[in-house]
Amino acid sequence: MSQRVSSRHEGDLGGRFLPFGNVEQVGITITIPREAAALPSTQHAAWMLINLLARLDGIVHKVAVRCPSGIGLSGRVIPLASRDLDLRSALVVGGNAIGIVPVVEELELGRTIVVGPARPMSGGADLFAAGGGWCGGVSLTGAGMERLDYESPLPFGPYIAACIAAAEVFKAARMQPGTYAAPPSAFYSCWSHSAAELPARLGPSNIELTLDASLVGVGAVGSGVLHSLWACPALRGAMVLIDNDPKGLDMTNLNRYSIFGRTSVGSPKATSAAGALSDSSIRFSAHDREIESFRLSTPRVVSAVDRNTARAAIQNQYPARILSGSTSDLRAEVLRCGPPGVGACLRCFNQPEKIPPDQELRSRLKTAGEAELATLAESAGISLAEAKDWLATGSCGLAGARLLPLLRRVEGEPEFAVGFVSVLAGVMLAAALLKDCLPHNEPLSEARQRATFQFFSPLARSNRAASFLRDPACPMCAPDSIACAAWARRFAAIPVVGP
Ligand SMILES: [Zn+2]
């Protein structure tokens with residue numbers, strides 16, 4: 001598999017996108033007006049937008065930051081930069097720590113996106129992007145954006161604005177000529193899970209609670225969950241991180257793993273995440289091991305895994321509450337599992353993948369070229385000669401033990417994945433986790449378990465929460481089973497920890 005950063009967002013989605021080689025790369029200027037620069041909502045939106053654009057290898061050639069100097073950071077905003085820096089320096093340092101698209105100061109290039117409360121601009125704006133509290137989005141004119149909760153320190157709305165703005169940049173560059181039309185405005189609220197042309201000011205301005213949860217899968221969606229929780233100023237408690245990707249972070253992950261930069265390549269994901277976010281008010285404890293051999297002990301479990309076998313392994317432990325996030329093409333999706341026997345469980349509609357036997361994996365690799373074998377061998381930390389020897393003999397030993405997990409992993413890789421979709425799924429999932437700790441009736445709820453957001457049409461009616469019932473063929477949540485009865489008891493007894 002290619003190790004290019006762009007390899008996961010190069011696909012053409014069945015012809016909807018131009019061939020990647022035909023894309024005309026763009027420069028983007030992010031403008032942060034002085035009056036708005038100190039607001040946490042502006043800082044969160046500006047950083048996440050730069051974070052996402054600076055990962056669009058092959059689409060964005062440069063990001064310029066126009067921001068007044070001397071503005072302090074409002075809290076935990078940029079995990080990839082020191083909190084002693086001022087906002088402008090931290091945005092540039094953080095963007096360049098990703099190590100993909102150059103981020104520079106004070107240049108005007110290409111399209112201009114103004115971040116924060118919209119007001120008439122001297123230089124003009126191609127797009128306004130802003131969020132506050134739980135809602136965020138974009139507008140060509142800025143009309144109606146004064147409704148947003150700009151004083152809220154929560155990152156959710158600002159991150160949603162960044163995701164939708166980055167998606168519009170991506171779509172404008174990649175959609176077939178004549179098929180792209182910028183929406184005049186589009187907003188999404190992860191409090192009500194609704195999309196609209198005007199922002200919705202719903203939900204509390206801040207959220208203070210003590211977490212007791214686990215996150216399984218510190219990949220693209222998991223990074224978005226962690227980035228969001230880390231940036232909330234009033235969360236306490238503990239979160240267990242579990243990930244077992246045998247090759248650790250690789251170059252192809254960097255297009256969408258929002259908390260990591262180039263220096264983390266090669267490191268195990270759970271440990272690296274806990275290290276990157278160690279200044280959090282939440283205690284993160286990392287476990288670089290597979291979920292199949294890990295005993296989950298928290299009442300709430302967040303699933304951000306990308307394999308159905310891992311989903312089944314989580315469901316098989318029947319934690320009281322499972323919240324799940326996933327992506328497909330340009331669609332983000334979150335699910336609150338249950339109620340047991342009624343709503344979908346994590347195994348419902350997710351047939352575990354058939355992992356080919358080791359012998360078959362070895363046979364397939366024999367037909368691969370020398371370059372592919374060399375790349376795999378390097379990832380596995382063995383020599384090309386050792387890899388060839390194992391292919392020829394199949395003998396037990398280090399080479400096989402290191403190569404086989406990689407080969408099994410490659411089999412399960414999804415085709416297309418891009419940062420703004422993964423981050424939005426992570427934001428929706430983090431919001432769902434916090435809302436689940438509070439007494440309220442907004443989705444995701446027992447009646448409306450699933451929410452989806454499709455970036456192709458940000459205002460589509462389907463971008464909302466709806467009921468999602470169990471798969472009648474699912475073997476793990478049959479209503480009359482003993483396992484389902486045990487799950488139901490836990491589900492009903494789960495603590496509400498918020499005010
Ligand atoms: Zn089920």
Side-chain angles (χ1 to χ4, degrees), residues 193 213-217 219 221-222 225 240 242-244 290-329 331-355 408 411-412 414 425-426 428-433 435-437 441-453 462 464-495:
H193 284 290
S214 303
L215 170 68
V216 189
V221 175
V225 171
V240 181
I242 304 123
D243 193 286
N244 170 46
E290 58 186 14
I291 185 59
E292 285 82 352
S293 65
F294 187 89
R295 204 177 77 77
L296 294 163
S297 59
T298 58
R300 289 180 173 85
V301 173
V302 175
S303 164
V305 298
D306 57 7
R307 288 178 299 120
N308 287 344
T309 46
R311 292 189 176 100
I314 296 169
Q315 183 59 50
N316 195 40
Q317 299 199 38
Y318 294 94
R321 181 80 78 252
I322 303 171
L323 298 148
S324 162
S326 60
T327 66
S328 171
D329 299 340
R331 195 174 71 115
E333 172 181 325
V334 286
L335 171 71
R336 179 186 188 266
C337 292
V342 180
C345 81
L346 196 54
R347 166 67 179 77
C348 285
F349 307 105
N350 289 326
Q351 184 68 30
E353 301 86 359
K354 285 201 171 51
I355 297 174
R408 293 189 195 112
E411 291 288 315
M428 291 162 76
L429 193 48
L433 171 65
K435 286 159 70 183
D436 192 61
C437 299
N441 294 314
E442 292 294 334
L444 304 176
S445 61
E446 294 192 12
R448 289 187 286 159
Q449 297 96 329
R450 188 174 70 146
T452 58
F453 187 90
S462 52
R464 64 189 173 100
S467 127
F468 193 63
L469 301 181
R470 69 176 293 270
D471 173 1
C474 176
M476 294 186 79
C477 65
D480 53 0
S481 65
I482 293 169
C484 191
W487 184 26
R489 281 193 295 278
R490 291 181 189 174
F491 189 90
I494 194 165

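We count ligands from 1, going down the list as the structure has it; atoms in each ligand are counted the same way. Heavy-atom basis, side chains included; hydrogens, waters and symmetry copies ignored. Please read these numbers as outputs of a predicted model, since none were measured by experiment.
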* **If only protein N, O or S atoms under 2.8 Å count, total around the Zn ion (ligand 1)** => 4
* To do: State, yes or no, whether a side-chain contact exists between Arg347 and Pro475 at a heavy-atom distance under 4.5 Å.
  => yes
* Pick one: which of Val305, Asn316, Ile322, Ile291 meets side chain to side chain contact (heavy atoms under 4.5 Å, CB included) with Arg311? -> Val305
* Flag, side chain of Glu353 to backbone of Asn308, donor-acceptor distance under 3.5 Å -> yes
* Asked: Per the side chain to side chain contact (heavy atoms under 4.5 Å, CB included) rule, which among Asp436, Leu215, Val334 passes with Val302?
  -> Leu215
* With Phe468, which residues qualify under ring-ring contact (aromatic ring centres under 6.0 Å, His included), at least two apart? -> Phe349
* Structure fact -> Heavy atoms of Ser467 and Ala447 approach each other most closely as CB-O, 3.2 Å
